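Report on one structure; see the data block that follows.
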Amino acid sequence: MSQKKIFLVFVAISTVSLLLHHGGHLSWTMEAFHLGCPALRSHPAPGLKPKHTNVAFLKTHKTASTTMQNLLFRFAERNNLTVALPVQACSHQFCYPRSFTSHFVHPHTLPPNIITSHMRFNKAELQRLMPNDTIYITILREPGSMFESLFSYYNQYCQSFKRVPNGSLEAFLEEPWRYYRPDEKDSMYARNTLAFDLGGDKDRPATDVAYARAFLAEVERVFSLVMIAEYFDESLVLLRHLLSWDLDDILYVKLNMRTPSSKRSLTPGLPSKIRAWNSLDALLYDHFNASLWRQLSALGPACVAREVRLLRRAQERLMRSCFGGRMPLLRSAAQIKNKDLRPWQPSGKVDIVGYDLPVNLSRGFSSQAQELCLKLIMPEVQYTRVLLRSQSLRYRRGYQLRSPQQSHPLQQPIRAVLPRHPQVQRSQLPPAAPGPASGTGSTSTSKPVAGTEGRTTKLGPNSSQSQAS
């Protein structure tokens, strides 16, 4: 009898401990379960269904992809996963705009579970690099707001934009072929950028309907989820279900945003001109926006709305805990004291804002909690550098413990091939695209490399507020 009492007490203590440890998860799951969400009934408690950890996220331009990248970086660190990162010669991107190749991956970040830095998509090379069960994800944005952001952000780099008098978006769209040169440096920012990032032909005529249909079909075959920036939270709900992740895995803070003064309103008529000029991007967006809502409908509108509310509630709690009980204030780079938190500034005409943590954050906070708050708001370049440093350290520690048979098949040839590879020799390759040098936290601009977008592999046969800015 006494043994039975002891057993019951042990069970009670274990249950309380579980509730305290997983309280957030259980409230999230049980609230959705009470609503009758079908996809949650298969795992009413976290941990019953393994999380999917092999993910390739194609980081597109000006689509809230930096926010998504930060989410994936943090997930990888929490779960002791390996993130494929660029070799130093490529800076913080995989030598964009060159078509991706495994030679661009740092050998200390092999074999990878996750890949999420900017690249031009190359399905064959990614499939060679990533595990067979990798799930492919990307994100798109409404063409009008995206092109305005591209025009503003890359105005000092893209020659097609620089030659427009007074930096006028209206003037460019009135006569785009007067300013646009398909084969010159950084032209991928000036037309069908999404299609280009996905490996497609940015200059394929809008009249080539067969190509457009085949391209859309190929993207749909490859990517299990195409997120939409304007419905970021709803997209995360689908992501969570697709990967069997928990609520904590999809928490985020908006990153890489412009100030309102750096944005321009689109005058009547401009959105239609932008869609006509970026016709392939417009087709991509329309197709996958409709696809997103079909998936949300299948999950159940009430379930999706409930999960979005729970997500936002949990995010607010996290942000208040990190910022001294208050919601964070956006700050200019000059106002941010911690250089590791200063976002890169593309030019003097565009202000990218970020966050600074309270100076008294350490009071009552464990070092683990402080690190979580720091990583939550860390800009892309600094986080990439920190992650490469930690993974290189882990690689060196385990190097002597591994036998040659345990090495990733790409590790040995990369070490020998890199110095001879014509596309990644340090002497030939300054930072690969407009962006900061990977070795500093400076807010100064850096010179982009000349693009070679004409010689790349093609993909294909021949109500949340937008997070992007």
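All values derive from a computational prediction rather than experimental measurement.
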_If the test is salt bridge (charged side-chain N to carboxylate O under 4.0 Å, His left out), which one of Arg385, Arg342, Lys375, Lys59 qualifies with Glu380?_
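Among the candidates, only Lys59 passes.
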*Determine whether more than 12 heavy atoms belonging to other residues, nucleotides or ligands lie under 6.0 Å from atom NZ of Lys337.*
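Open: at most 12 neighbouring heavy atoms sit under 6.0 Å from NZ of Lys337.
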*In chain order, what residues pass the ring pair (Phe, Tyr, Trp, His ring centres under 6.0 Å) check against Phe100, with sequence neighbours excluded?*
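With neighbours one apart ignored, the set is Phe94.
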*Can you name the residues that form a ring pair (Phe, Tyr, Trp, His ring centres under 6.0 Å) with Phe151, not counting sequence neighbours?*
Phe161
Distance-only side-chain donor-acceptor flag, [X] / [Y], under 3.5 Å:
X: Tyr231; Y: Asn289; answer: no
X: Gln127; Y: Tyr136; answer: no
X: Arg141; Y: Thr60; answer: no
X: His106; Y: Gln391; answer: no

_Nearest-0.5 Å distance that lies between atom CZ in Phe73 and atom CD1 in Ile114_ =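 Going from the CZ atom of Phe73 to the CD1 atom of Ile114 covers 9.5 Å.
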*Donor-acceptor pair, Ser152 side chain versus Ser149 backbone, under 3.5 Å?*
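No.
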*Does any N or O in the side chain of Arg74 come within less than 3.5 Å of the main-chain N or O of Leu251, such that one atom is a donor and the other an acceptor?*
yes
*Evaluate the ring planes of Tyr154 and Tyr189, with Trp represented by its six-membered ring, and classify them as parallel (under 30°), tilted (30 to 60°) or perpendicular (over 60°).*
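Correct class here is parallel.
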*Parallel, tilted or perpendicular: which describes the rings of His61 and His118, with under 30° parallel and over 60° perpendicular?*
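Ring orientation of His61 relative to His118: parallel.
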